[in-house]
Amino acid sequence: MKEHELRALIDKVKDGKLTRRSFVNRMLALGLTAPIASQMLDFCGVARADTKFNYKPTKRGGGGALRILWWQGPTLLNPHFATGTKDQDGSRIFYEPLAGWDSDGNLVPALAAEIPSRENGSLAADGKSVIWKLKKGVKWHDGKPFTADDVVFTWEFSADPATATVTSGTYKDVKVEKIDDFTVRVLFDKPTPFWADAFVGTAGQIIPKHLFVDYKGAKSREAPTNLKPVGTGAYKFVDFKPGDMIRAEANPDYHVPNQPYFDTLELKGGGDAVSAARAVLQTGEYDYAWNMQVEDAILKRLETGGKGVINVVPGGNIEHIQLNTTDPWTEVDGERSSLKTKHPTLSDPAVRQALMLLVDRKSVEEHIYGRTGVATANFLNNPERFRSKITKFEFNIAKANELLDKAGWKRGADGIREKDGKKLKFVYQTSINAPRQKNQAIVKQAAQQAGIDMELKSVVASVFFSSDVANPDTYPKFYADIQMYTTTMSQPDPDRFMNQFCSWEAATKENKWQGRNPSRIRNEEYDKLYRDSQGELDPVKRAAMFVRMNEIVVGEKDGVIIPVVYRPRANAQAKTLRADISGWDNDTWAIARWYRET
Amino acid sequence: MPYYILRRLLIAIPSLLGISVVLFTVLALAPGDPFEELATNPAVPPEVRMALRAKFGLDDPIMVRYVRWISAMAQGDWGYSFVSRINVDDLILQRVGVTLFVIGSSQILALLIAIPVGVIAATRPYSLFDQIANTLAFVGFSLPTFFTGLLFILIFSIWLDWLPFVYQADIQATGWRWYWEHIRQAIMPIAVLGLFQGASLVRYVRSAVLDVIRLDYVTTARAKGLGERVVIVKHVVRNALIPVVTLIALQMPAIFGGAIVTEQIFRIPGIGSLLISSILANDTPVIMAVTFVFACLVVLFNLIADILYGWLDPRITFR
Amino acid sequence: MAGSTLASPSAEAVAQAQARAPTFSPTREAWRRFRRHRLAVISAIILALMVLAILVGPLFWRIPINHIDFAATLQGPSWNHPFGTDDLGQDLLSRMIYGGRISLAVGLAAMFVAIFVGTIIGAVAGMSRGWVGSGLMWLTDLFLSLPQLPLLLLVIYLFRDALKGTFGPEGGTFILIVIVIGGLRWMPVARLVRAQFLSLREKEFVEAARALGASKFRQVVRHILPNALGPVIVAGTIDVAAAIIAESTLSFLGLGFPPDIPTWGRLLFDAKDNLDFAPHWALFPGAAIFLTVLTINFIGDGLRDALDPRRVL
């Protein structure tokens, strides 16, 4: 879709000829994510509709107990030290950011009085600053008032390298200043199209200055509030046992009327995903279970228990296969997969195209992931407006064989193709996870029929995803020909998400394999597009750039990425429970609004 | 004897130090680090992970880290968890009670089943009772606990709907209800573990009794006209106890160490589930503390077993 | 010297055997006694049949183990698939045949490693009265307290590539797994053997042998060890089951064979989440492990009867 077409559509929305929703849907069809679509509308001054979640209770409390299951229990409750989603989810029960992302990728105010925009003058025209107006009359759980000082302090706390927060990436390159008690300004040193990062969503949870001010920097771990959170959220802290459970009770002074509905909240951790699903779907012991990483066939059978349903919300996480562009089997200057080498066989586009034809994505979707993994041709799937419309995928063993024949890869005596003495034999690695191993089996079988031999390798997740420089089995080292894993997309903007194919991000010995580009793809057009996108303030032009970037990495010519399925988030919930879940924020982002239909 | 015990206790100190060096080295060399989830999240730049590694001292040489650990330990500082950022001893204390209760009960259950069944089976070898007991024992240790646990859940929680399968350490009830709820939720894990342990113990008891029951002194005891009961309990069982004591001494440290699989299945917040989640997250201070306490118990119970051998068979001497 | 209680049904033949009182070499004597243990002989035959089925099975049952058939997922036993299919429609019979090779080999080999190492260390520790004994017990304590998972990760990380290079991918993995499983299971055997030794070495018949000038080695091999074998044989049968199950845990952690190799323990593990919908998937591997354990145990019983020095048949 060209830029002018997009503009025409936006005008239609402005004139009311097209609903906001159907615009977003069309953009989703284009490969853009919903948040980006709505950002586009925001930027063009289209008024925002109310969120679709309909909260019915007319008074606070009275809902009894809410029992939820996280099969990996939160281990700490300071959002800025959260090493995983589970910890962010746990913290989010108590803490709130200025705004969160809803399931369409729209910003929804939490502690902010309103969302910054061009119209209300809080978004600078040069893209170098944004002003947040804060909600008045909000109280911390200990009764102290919430003010701009807390917001500024959250920035200071997280940006301080000595504190060693995990959110420092969001805060270290911005400046925050207080304008008055209920207004802050976030300053960027260059035009920043994606301004809604600091103080928004997962990384944006505001912590109370009065309780953390003595624990900034090296002393941060001693803060008693790390374990006994005092936030502004709808539920107040009662008890916490790391990895096991969190207990909370309704906050009588919550700043939104009639919320929350439940009187107490209990989060239980531990176990495995399947038995968590059983506890919600079959026995009804629990109301909600997080992250149902279970084969859909099993979930469907458990759903026949009748106590609950599986709820799927779109997000941007993508399970994909990477083809190594460098040679993992030759050591150059003490590193394998060195940028100075070229992969002996995968550097042939015919081989890469054949592999793209040999991944049976439809079957992977149908027989492994079901609703929790949708076959896709794109690396960037959501929000909708970033999704490419021209890409498609195909599973065709005959065509793959034909391609390889044409390119001169002849079958040897053992049935394995070879050319110039180089055999099509690949090591295919991934982390240990039942669906991934099945996925490997499906790909291996198809490859066999095309005369390609694959040795499957699986590595424990904690090793595969570690930053351990000494270990050869980590995914950034990529000492294999092919690898597969899911990249999470935690924000509805692809700025961070798409930097993993920039040439300067290539993982090398020099950067201790901390680069985010393990396939080591280097493409000039991509690099240029990415650089341009970072300064492009026009969301429509910017979206078009991301669409093109995606097309490069999955394309036939230079592509080294085989997207398999994109993974919407799935959770199990009791039939009567109404929960507002977003794929762009924590599961608990709107826990204040959860209620039970009677 | 007191001199012997004192000497063994003194020897235990350097031997535990030696064990701690090996444990620490293994943990430090084992691959992986605690920042798995940060790695796939594009919003977290790699420098964050590098900074955390440096802050936790993961990049220092192993000897430096060991000396730091052992000197802190000597002062009673158990270190703090990388993933929870709280003191390791607090973390362990929160969980040790549940493990002692569940694993302890299951061990008692195992003993209560295994000793009588094993003895009766051995006194009537190849009888119907013996055959049934043996077959059940084989089933018991051929099936892994991940399997039996799930089978129990399916039968008792899902089909019959009698018992809950999510264990809660803090039940919000009072009086007899509190006890009732605790027992209800503990039945399945205790049964799963107890039967698994009991199954192998039955085999050992049976074999040990069978070894002894054929000896001449038993015949002598019977010839003296002693009742069968007295012969079995006083003469046979006592002499057959040496391997049984050995096995129990081997099992006792597990009462602290927990049962990883069973605790996972039933979501029991015990030491075993703490250990496995720490291992998977490479939370070295927690793993080190748990395994070190475990090592102390191993050494201690080995000593206790040796003392018991002397009591069971006075001819055994230690010098 | 035979005791008053019969250890096995075959003992009824004692009187007859004594009546004939022929003389045999010790090996033939043991074999003769073994044959009289009916269950042991039946077990040996069943185990041999299982081994045979695993070895020649693939010649007759030709469905490839990784043939994915989405049209036939989770089917119960039928003529096309006598053991049914799994969730990818792969034939469970051929997977069981293939996986059985590995499971049986790993189970037996790991058991021998555990028993061999355990018996030697236990025997030496039980005979020695000085620092050697204490040192070996320290080693046992050390191994008992090592957390297995990080240790496994370390061993595999350190030695996998070297072994793969020397013995090929399958051979290397096999050796690694046998060493790892056997190497982490010998400690109970060592403790049991040592405890038996402590008691036996003070018994009259050992005293007598010592008085007659038997060397330490002879005392151990001819007199003490045969009497200490009872718990060792039980440990051996339990270890076979434990090793087969442990192998599945290893491959679950990515440390064992590649995940597409369907060992019995692995099949059981994969089946567990489908237990309520497709019980056949778990039934067959579970039964196979059970049958293996059962037969090995009876063979062990027969062996003990055959080698028992106190029995005169």
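Values below: every heavy atom of this structure, side chains too, minus hydrogens, waters and symmetry copies. Every value quoted in this text rests on a predicted model; they were computed, and no experiment measured them. Lettering follows sequence order; numbering is per chain, from 1.
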- In terms of heavy-atom pairs under 4.5 Å with chain B, which of C:A235, C:A242, C:G133 leads? C:A235
- Could you state the interatomic distance from CG (C:L144) to CG (B:N302), rounded to the nearest 0.5 Å? 8.0 Å
- Query: Between B:L250, B:I287, B:I158, B:V139, which residue shows the highest count of heavy-atom pairs closer than 4.5 Å to chain C?
  - Reply: B:L250
Table please: side-chain donor-acceptor pairs of residues 277-294 of chain C below 3.5 Å, with sequence neighbours left out.
from, atom 1, to, atom 2, distance (Å)
C:H280, NE2, C:Q75, O, 2.9
C:H280, NE2, C:T85, O, 3.1
C:T292, OG1, C:A288, O, 2.7

- Task: Indicate the atoms forming the closest heavy-atom contact of C:V234 with B:S207, along with that distance.
- Result: CG2-CB, 3.4 Å
- chain C shares the most heavy-atom pairs under 4.5 Å, among B:A137, B:A295, B:S15, B:A12, with B:S15
- CG/B:N134 to CZ/C:F298 distance, rounded to the nearest 0.5 angstrom? 6.0 Å
- Note on the structure: CG of B:L154 to NZ of C:K272, rounded to nearest 0.5 Å, is 11.0 Å
- Is it the side chain or the backbone of C:I244 that comes within 4.5 Å of chain B heavy atoms, both, or neither? neither
- Query: With only heavy atoms counted, which part of B:L151 is less than 4.5 Å from chain C, the side chain, the backbone, both or neither?
  - Reply: both
- Spacing of CG belonging to C:D141 relative to CZ belonging to B:F301, to within rounding of 0.5 Å: 12.5 Å
- Task: Decide side-chain contact (heavy atoms from CB on, under 4.5 Å) for B:F147 and C:L275; before the verdict, give the C-alpha distance in whole Å, the side-chain angles of both, and the deciding distance to 0.1 Å.
- Result: CA-CA 9 Å; B:F147 192 82; C:L275 193 59; 3.8 Å; yes
- Message: So which atom in B:Y204 and which in C:L192 form the shortest heavy-atom distance, rounded to 0.1 Å?
- Response: CE2-CD1, 3.6 Å
- Please flag which part of B:I19 lies under 4.5 Å from any non-hydrogen atom of chain C: side chain, backbone, both or neither. both
- Query: Heavy-atom distance under 4.5 Å to chain C: side chain of B:I279, backbone, both or neither?
  - Reply: side chain
- Item | Interface residue of largest heavy-atom contact number with chain B, from C:A241, C:P231, C:A271, under 4.5 Å | C:P231
- Message: A side-chain contact here means heavy atoms from C-beta on lying under 4.5 Å apart; do B:P144 and C:L268 qualify?
- Response: yes
- Item | Spacing of B:F141 atom CZ and C:T237 atom OG1 [to the nearest 0.5 Å] | 4.5 Å
- Message: With chain B as the partner, which of C:Q196, C:R191, C:K203 has the greatest number of non-hydrogen pairs under 4.5 Å?
- Response: C:R191
